[in-house]
Amino acid sequence: MRTLRLAVPALLVATLVPFALSGPADAVPVGAGSYAASRPAGAQGPVDSSGQAVTPKVTARMAGKPVPTNDWWSSLVFRRYPGNPYSENMYAHPLTFHAAAQGLGVGYPTSPNITPDGRFYEFMHRDDLFVGVAGLNAPRTQVDGWSDWTVSPLWTDGTRALRTTIGHGSPYVYAEATGGLARVGFNGATTVWSNTGTTLGVTVNGHDYALFAPSAWTLTGTAEATASAAFFSVAVLPSRDALPLFQRYAFSFVTDTKVSWTYDTASAQLTATYTATTTARQGTQTGTLQALYRHQWLNSTDAVTPHRYTSPRGEMRLREGASFTTRTAFNGVLPALPLSAQADQNRLRAEIDQELNAADPWKGAVDTYWTGKALWRLAALARVANQIGYTTGRDRLLTLVRDRLTDWLTAGSGETERHFAYDATWGTLIGYRASYGSDQELNDHHFHYGYYVLAAAVVAQHDPAWASDSRYGGMVKLLVKDANNYDRAETRFPFLRHFDAYAGHGWASGHAGFAHGNNEESSSEAMMFATAAVLFGQATGDTALRDAGIYLHTTQEAAIGQYWFDKDNAVFPASYGHDTLGIVWGAGGTYGTWWTANPEEIHGINMLPITGGSLYHAAWKADISQNIAELRANNGGPEVEWKDVILQFWALAEPAQALSAYGSGLDPEPGDSRAHAHHWLTSLNTYGTPDTTVTANTPTHAVLSKNGARTYVAYNPTASPVTVTFSDGQTLSVPAGATAWRGPSGPGTDPGSGTTPTTTTTTTTTTTTTAPPASRDAFSTIEAESHDQHNGLASETTSDTGGGSNISHIANGDWALYRGVDFGTRTARQFSARVASGAAGGVSGLVEVRLGSPTGTVLGSFAIANTGGWQSWRTVPANITGVTGRHDVYLTFTSGQPADFVNVNWLVFGQ
């Protein structure tokens, strides 16, 4: 949740003068880092809407336990409004709730409303029933227990008490009453259609409910039902004929819920099991009924009943049983995409220098959010610099990132900002300076802190000692645990603060104090957090952290595709006029953001940041193109803001079009850079878009595909070489501490250790369908159009002597591969090529010879400009480094301009 999302706020840009606050009274060491045990004087923690400090509304039984803020029910525990001591609307699905003095309001909204501006679809809560105790008039609610997706609110007025348990997916409200009769009040047009004494079937406001008690219900007309019972339950029915099934589990109360997960590296499969613990309050029947969301039942083979529910997330399907399991494939994440031969390395270096030589590389960032974005922007450039062999630039970038991270991860004596402070009352770590309510509302910690963890993962590639637990890795992991604690033995933070295990996605607001429930805006920043956890866990050998990241990543991917992008066209109401959402709410979703109605930001907020973990969008490539079309239609034309982010997103489906639209560069979104965008776009244009049908036995991998030919990529952070096996049978050797790739455009490595990037000519199984040809004689004419593979070339009939064809439409980054060129024992020291050019004035380029890869070392080259026309031929010689033996030869083409600059008819080598 954000109330504002602009460029770095002017107030923060204007000054870097530290707050005039006292430093932390003490610091708690974590390795070489530390956090403050109290926040700086004058700084705030959680407050209500009037600015008054608040404490968790919990019973004495729950006091001192870390509080699950940022949940679907958090308005019960975080009192946002002084005049409401109960709760705001809560959306558990299929049921919805609102706490009041008389007890728990219960609803089941089934008809969506589309707001007049067409932006919001909403299934708003309405009280159909009030579950309570006769005469109850509680002054407030407190939380008396919680589990992974349930909560137990408590009401007491000194004489009477009510305790209920409610949760995601549960069609039941479990209730315990003391000091009075169990009561269910009817709030609307009511029909009683079944009465067996202890079981009532009623319809209220068109919705069917069942009331269960161990003693007979007494009806007062159609106003209420009461029973002399210490416990009872109420259920929403999918249909009246389901009543016997629901009666079976009416007194099997859910007392706990837990999610657990395992990741099988060999099969790249994440298995998650969702289990409800139940206790029989009457009889011996245990177990329960659970309604599964769309993202769950699509990824589970467990049987479900024929019964269905309506929800803002589409159809929910009812399962009979206390547990179910989902299984999802993980298509991997990367520190960076591989470098393309199409990328202009001189341009990349110049654009990196622009960032390094800026008056302020941090662009005025002083708070946790904008500092995090700046950390990632610079860290991402370090990977690009490393790939082009710009080690000086890389090291400067890494130093900037490492030093700023170290500063934030250390709460030094007298320090007033750039540190984290622990709030024991709320069980949270707050970074100061805070922003967007990360302190007062506990908003967005996963968005803010994920950038720190992702930048730390890049540092870990080059400086593993810095990332060790004994130095600063411990503090990095503490940031992970604050936002999404995956370690049940860790008692300083609640389990998975931001991530809702059952809903399958996160919630941004700490208090959920809204009529529409809680909300999550930037699903892509939540995925960035998951990516960071995977990469930092993999880099540091922490498999528990890595696997938690994979759980977050795979589960959110399944949810995002359905609930933000509606990729199957099965979730958004038919009357809703948008194909994507900017914000998902408990009650529905909106085509909007917290700070603007501009289509660029509405779409872009669920694209940024672009990272090696953004490849998940390729699971709905058709929706990517649809998304761009909707953006431009609503914008009245092409995007004018955040162009770099939007085009990088588009490149996951249409890289050639995206690269063409990018041209010579666009002003970047503040968290991105020109060099990173150019690197990303050229990489996808060369290697292709993600192929989600293939996985690997390492979580840090990707498979890219262009014209049916695959490029295999993997990152190996360990100190020893590994061989990665892909699910289609291909293998890839990856040196220690490096990223390696292999495909039709050639192999390459990106060493994380900081050594010079290299390419390899190791013989590997090729993905091309063209069989390697018989040996070519290097000293005989090689027709240019006889290439085995190419990038970006065309062919045409030639008017040159001898006729035949030539290769044409050759521009910067294009290449041709000639396999098996045999030099024998003779040493070639020259090559000649027959070339022609009709390029415009000022357009020229180089024709180059390389071995083994289009990014291999240049053996020799010559420059070519306009020769008088595209069929005005001349033979141009060039000297080369001596070559013997048999090689795969690449003819590569480099130009500082994007226009075509040469045609080639043939080439030959000489001594």
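Keep in mind the model is a prediction, meaning the values are calculated, not measured. Counting from 1, the numbers follow the sequence of the chain as shown.
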Q | side chain to side chain contact (heavy atoms under 4.5 Å, CB included) partner of Glu88, the single match among Phe514, Trp73, Tyr81 | A |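 That would be Tyr81.
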
Flag the pair [X] / [Y] as yes when their ring centroid distance falls below 6.0 Å, and as no otherwise.
| X | Y | value |
| --- | --- | --- |
| Tyr449 | Phe420 | yes |
| His93 | Trp72 | no |
| Tyr551 | Phe499 | yes |

Q) Judged by modelled atom types alone, do Asp444 and Ser438 share a side-chain donor-acceptor pair under 3.5 Å? A)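 No donor-acceptor contact under 3.5 Å links the two side chains.
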
Q. Between Tyr563 and His295, does any side-chain donor sit less than 3.5 Å from a side-chain acceptor?
A.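 Short answer, yes.
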
Q | From Gln556, His505, His446, residue fulfilling side chain to side chain donor-acceptor pair (under 3.5 Å) relative to Glu520 | A |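 Answer to the side chain to side chain donor-acceptor pair (under 3.5 Å) test with Glu520 among Gln556, His505, His446: His446.
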
Q: Decide whether a cation-pi geometry holds between Lys57 and Phe78; the criteria are a distance under 6.0 Å from NZ or CZ to the six-membered ring centre and an angle within 45° of the ring axis.
A: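 Relative to the ring axis of Phe78, which defines the angle, Lys57 lies outside at least one limit.
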
(Q) Ring of Trp376, cation from Lys373 - is the NZ or CZ under 6.0 Å from the centre and inside 45° of the axis? (A)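 No; the conditions do not both hold, so Lys373 does not lie above the ring face of Trp376.
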
Q) In a check of ring pair (Phe, Tyr, Trp, His ring centres under 6.0 Å) between His617 and each of Phe565, Trp564, Trp650, which one passes? A)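 The single option meeting the ring pair (Phe, Tyr, Trp, His ring centres under 6.0 Å) with His617 is Phe565.
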
Q: Among Phe536, Trp408, Phe529, find the residue that satisfies the ring pair (Phe, Tyr, Trp, His ring centres under 6.0 Å) test when tested with Tyr452.
A: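 Result for ring pair (Phe, Tyr, Trp, His ring centres under 6.0 Å) with Tyr452: Trp408.
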
Q | Short side-chain to backbone donor-acceptor contact, Asn89 and Met124, under 3.5 Å | A |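 A pair under 3.5 Å: no.
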
Student check: side-chain heavy atoms of [X] and [Y] closer than 4.5 Å:
| X | Y | value |
| --- | --- | --- |
| Ser625 | Glu654 | yes |
| Gln562 | Lys567 | yes |
| Leu581 | Phe572 | yes |
| Val54 | Trp426 | yes |
| Asp672 | Gln648 | yes |
| Asn627 | Asp579 | no |

(Q) Once side chain to side chain donor-acceptor pair (under 3.5 Å) is applied, do any residues pair with Arg126, and if so which ones, sequence neighbours excluded? (A)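 Once residues adjacent in sequence are excluded, the partners of Arg126 under the side chain to side chain donor-acceptor pair (under 3.5 Å) criterion are Asn205.
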
Q: Report the residues that fulfil side chain to side chain donor-acceptor pair (under 3.5 Å) with Gln354, sequence neighbours left out, ordered by chain and then residue number.
A: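 With sequence neighbours excluded, Gln354 shows a side chain to side chain donor-acceptor pair (under 3.5 Å) to no residue whatsoever.
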
Q: Taking all non-hydrogen atoms of both residues into account, name the closest pair between Leu652 and Ser614 and its distance.
A: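 Reported closest heavy-atom pair: CD1-O, 3.5 Å.
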
Q.
Show the nearest heavy-atom pair for residues Ala508 and His498, with the distance to one decimal.
A.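 Of all heavy-atom pairs spanning Ala508 and His498, the closest is O-CE1, 3.8 Å.
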
Q.
Does Arg497 form a salt bridge (charged side-chain N to carboxylate O under 4.0 Å, His left out) with Asp482? I'd like the steps, not just the answer.
A. CA-CA 7 Å; Arg497 180 192 308 280; Asp482 171 78; 3.3 Å; yes

Q: Please name all residues satisfying salt bridge (charged side-chain N to carboxylate O under 4.0 Å, His left out) with Arg79, sequence neighbours left out, ordered by chain then number.
A: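 Expected list: none.
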
Q. If you round to the nearest 0.5 Å, how far is OH of Tyr121 from CD1 of Ile114?
A.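 Reported to 0.5 Å precision, the distance equals 8.5 Å.
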
(Q) What verdict does the ring pair (Phe, Tyr, Trp, His ring centres under 6.0 Å) test give for Tyr591 and His603, after you've listed the backbone C-alpha separation in whole Å, the side-chain angles of each residue and the deciding distance to 0.1 Å? (A) CA-CA 9 Å; Tyr591 185 79; His603 290 254; 5.4 Å; yes

Q.
Test side-chain hydrogen bond (donor to acceptor under 3.5 Å, both in side chains) on Tyr436 and Trp370; report intermediate values, then the result.
A. CA-CA 11 Å; Tyr436 304 112; Trp370 288 101; 2.9 Å; yes

Q) Passes side-chain contact (heavy atoms from CB on, under 4.5 Å), Leu400 versus Leu356? Steps please. A) CA-CA 9 Å; Leu400 280 169; Leu356 279 171; 3.9 Å; yes

Q) Quick one: do Arg674 and Glu355 make a salt bridge, cutoff under 4.0 Å? A)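 Here Arg674 does not pair with Glu355 in a salt bridge, since their nearest N and O are not under 4.0 Å apart.
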
Q.
For Arg294, is there an ion pair with Asp568 - N to carboxylate O distance below 4.0 angstrom?
A.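 Arg294 and Asp568: salt-bridged.
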
